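As structure tokens, the structure follows; a few thoughts come after it.
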Amino acid sequence: MKIATWNVNSIRTRQEQVVNWLNHNPVDVLCLQETKVIDENFPRSPFESLGYNLYIYGQKSYNGVAIFSLKPLEQVIMGFAPVLTIEQVGNVDEQKRVITGVVDNIRIVNLYVPNGSEVGSDKYEYKLSWLKLLKDYLRSLLEKPPYNLCVCGDFNIALEDRDIYNPKNKTNHIMASPAERQALQDILDLGLADAFRKFISEGGHFTWWDYRQGGFTRNRGWRIDHHYLTPQLYEQATNCIIDISPRELDKPSDHTPVIVEF
DNA sequence: ATGGCCAACGAAGTTGGA
């Protein structure tokens with residue numbers, strides 16, 4: 001079984017690239033982020049024609065997540081609210097960033113973690129509070145069957161220095177600040193492990209490159225898209241790879257897909 | 001050396017991304 005994650009930076013702009021990629025990489029599940037479209041305008045048919053069941057949770061212009069699955073998903077939940085209390089969630093679900101469903105005894109959680117803008121900004125504080133809410137959400141899901149979780153998506157955090165092309169002077173940089181890393185580590189302490197690091201220890205492997213200043217051609221990248229697994233799934237993982245080929249195309253997303261295999 | 005991104009919205013320039 002293969003589960004992929006890909007921030008496509010607009011599904012309508014990237015539709016053809018995603019179809020082509022799925023034709024060459026017929027993964028069982030594809031988790032998408034930044035679809036940037038309301039559900040009624042989502043281009044469903046190109047993907048349904050490939051045999052996928054679509055579960056989409058979008059909004060106008062910003063954010064938006066979706067799961068494509070060859071097998072139908074069970075227990076699909078959109079947003080935090082159905083899992084947590086109204087008091088906890090407040091208005092956080094106005095931004096569509098979380099969708100989950102179950103297939104083959106695995107609960108797949110697809111996330112688009114807030115960017116955070118600049119360290120110390122209001123959006124940065126929102127990111128940190130969102131991550132606290134995510135921890136409560138995941139703790140709740142871990143208490144229910146099927147217990148096996150694959151938490152994947154665009155985390156907008158490089159957990160370690162080896163996940164950044166040049167980690168110097170990044171303590172005050174978004175995606176690498178100590179508070180962000182600690183917030184993510186607190187979540188992993190629930191009992192989740194990085195699938196990619198089971199197989200590859202060295203640095204120099206990235207999933208996002210800035211559009212500006214030739215980020216990709218100079219390989220100035222960051223590894224911010226992840227699969228985090230509960231222990232049994234982690235043991236069962238047989239591979240985890242980053243496919244940089246979509247990033248080489250004309251008009252690419254700034255992210256590229258990551259695939260875990262069981 | 002210069003100025004050097006991309007998408008949505010909406011019809012020019014702003015906002016957000018990371």
Side-chain angles (χ1 to χ4, degrees), chain A residues 5-18 31-43 56-66 91-98 110-131 134 152-184 203 205-226 242 244 246-258:
Chain A
T5 181
W6 191 2
N7 179 324
V8 291
N9 187 15
S10 169
I11 188 59
R12 288 179 292 181
T13 299
R14 230 62 65 193
Q15 175 184 322
E16 184 178 347
Q17 290 185 17
V18 177
C31 295
L32 300 174
Q33 303 88 34
E34 282 207 272
T35 53
K36 292 187 171 179
V37 65
I38 57 174
D39 294 350
E40 64 188 47
N41 291 345
F42 195 102
I56 60 180
Y57 184 51
Q59 68 181 84
K60 187 176 178 180
S61 303
Y62 304 119
N63 310 314
V65 286
N91 62 359
V92 171
D93 278 340
E94 288 176 6
Q95 299 185 19
K96 310 308 184 193
R97 298 179 177 275
V98 187
N110 177 22
L111 304 174
Y112 176 46
V113 177
N115 165 293
S117 190
E118 293 180 13
V119 173
S121 67
D122 288 348
K123 288 177 182 171
Y124 179 77
E125 297 302 325
Y126 181 86
K127 181 178 192 174
L128 295 177
S129 61
W130 194 95
L131 288 165
L134 176 63
C152 63
D154 175 3
F155 285 76
N156 274 320
I157 298 173
L159 190 63
E160 300 175 303
D161 282 353
R162 58 180 167 166
D163 299 321
I164 311 174
Y165 73 96
N166 176 7
K168 292 194 194 317
N169 305 318
K170 294 296 190 296
T171 54
N172 208 36
H173 192 294
I174 202 70
M175 303 189 291
S177 70
E180 289 169 84
R181 286 177 165 180
Q182 187 59 54
L184 178 51
H205 298 272
F206 309 124
T207 66
W208 171 84
W209 299 259
D210 200 313
Y211 283 125
R212 295 167 290 191
Q213 289 145 356
F216 183 69
T217 51
R218 301 160 83 176
N219 199 26
R220 295 182 165 193
W222 296 58
R223 197 175 71 89
I224 57 175
D225 300 85
H226 309 292
I242 300 167
I244 67 164
R247 190 63 178 79
E248 298 171 321
L249 300 173
D250 287 336
K251 302 276 288 180
S253 168
D254 44 357
H255 297 250
T256 212
V258 188

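Sequence lines set the chain letters: A, B, ... in the order given, protein chains first and strands last, and positions in each chain run from 1. Model, not experiment: these values are computed from the prediction.
At the heavy-atom level, A:Asn63 lies nowhere under 4.0 Å from the strands shown. Counting any heavy atom pair closer than 4.0 Å across all strands shown, A:Asn7 reaches sugar-phosphate atoms only and no base atom. No engagement by A:Phe216 is indicated, since no non-hydrogen atom pair under 4.0 Å with the nucleic acid exists. Residue A:Asp210 is classed as having no contact, given no heavy-atom separation below 4.0 Å to the nucleic acid.
We find that CH2 of A:Trp209 is positioned 16 Å from P of B:dC6, with the value rounded to whole Å. Nucleotide B:dC6 holds its C1' atom 13 Å from the CD atom of A:Gln17, rounded to whole Å. We find that CG of A:Asp225 is positioned 15 Å from P of B:dG17, with the value rounded to whole Å. Between the P atom of B:dG16 and the CD atom of A:Glu94 lies a distance of 14 Å, rounded to the nearest Å. For the pair A:Gln213 CD and B:dT2 C1', the computed distance is 15 Å after rounding to whole Å. Whole-Å rounding puts the A:Tyr126 OH to B:dG17 P distance at 10 Å. Between A:Gln59 atom CD and B:dA7 atom C1' there is a gap of 14 Å when expressed in whole angstrom units. Between A:His255 atom NE2 and B:dC6 atom P there is a gap of 14 Å when expressed in whole angstrom units.
Between B:dA8 and A:Ser10, a contact under 4.0 Å exists linking OP1 or OP2 to a side-chain N or O. Here A:Arg14 reaches the OP1 or OP2 of B:dA7: one of its side-chain N or O atoms lies under 4.0 Å away. Of the side-chain N and O atoms in A:Ser117, none sit less than 4.0 angstrom from OP1 or OP2 of B:dG17.
Residue whose closest nucleotide on DNA chain B sits further toward the 5' end, between A:Trp208 and A:Lys251: A:Lys251.
A:Asp163 and A:Trp222 share no side-chain donor-acceptor pair at under 3.5 Å. A donor atom on one side chain and an acceptor atom on the other are found under 3.5 Å apart for A:Ser177 and A:Glu180.
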Each nucleotide of nucleotides 9-15 of chain B classed B (base within 4.0 Å of a protein heavy atom), S (only sugar-phosphate) or -, in 5' to 3' order, makes S------
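Spacing of C1' atoms, B:dG10 relative to B:dT15, comes out at 13 Å, to the nearest Å. To the nearest whole angstrom, the two P atoms, one in B:dT14 and one in B:dG4, are 15 Å apart. Taking the P atom of each, B:dT2 and B:dA7 are spaced 28 Å apart, rounded to whole Å.
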Assess the residue pair A:Phe155 and A:Thr207 against the criterion (side chain to side chain contact (heavy atoms under 4.5 Å, CB included)); give the C-alpha distance rounded to whole Å, side-chain angles, the decisive distance to 0.1 Å, and a yes or no. CA-CA 11 Å; A:Phe155 285 76; A:Thr207 66; over 6 Å; no
*asked:* Would A:Ile174 and A:Tyr124 count as a side chain to side chain contact (heavy atoms under 4.5 Å, CB included) here? Give the steps.
replied: CA-CA 8 Å; A:Ile174 202 70; A:Tyr124 179 77; 3.5 Å; yes
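Using bins of under 30°, 30° to 60° and over 60° for the plane-to-plane angle, the ring pair A:Trp208/A:His255 lands in the tilted bin.
With contacts defined as side-chain heavy-atom distances shorter than 4.5 Å, the pair A:Ile164/A:His173 does not qualify. Considering only heavy atoms from C-beta on, A:Asp161 comes within 4.5 Å of A:Arg181 through its side chain.
When atom types are taken as modelled, the side chain of A:Arg14 and the backbone of A:Asn9 share a donor-acceptor pair closer than 3.5 angstrom.
Listed by residue number, the members of residues 167-178 of chain A with any heavy atom below 4.0 angstrom from DNA chain B are A:Met175.
Looking at residues two or more places apart in sequence or on another chain, you find no ring pair (Phe, Tyr, Trp, His ring centres under 6.0 Å) involving A:Tyr112.
The CG atom of A:Asp154 lies 10.5 Å from the CG atom of A:Asn63; values are rounded to the nearest 0.5 Å.
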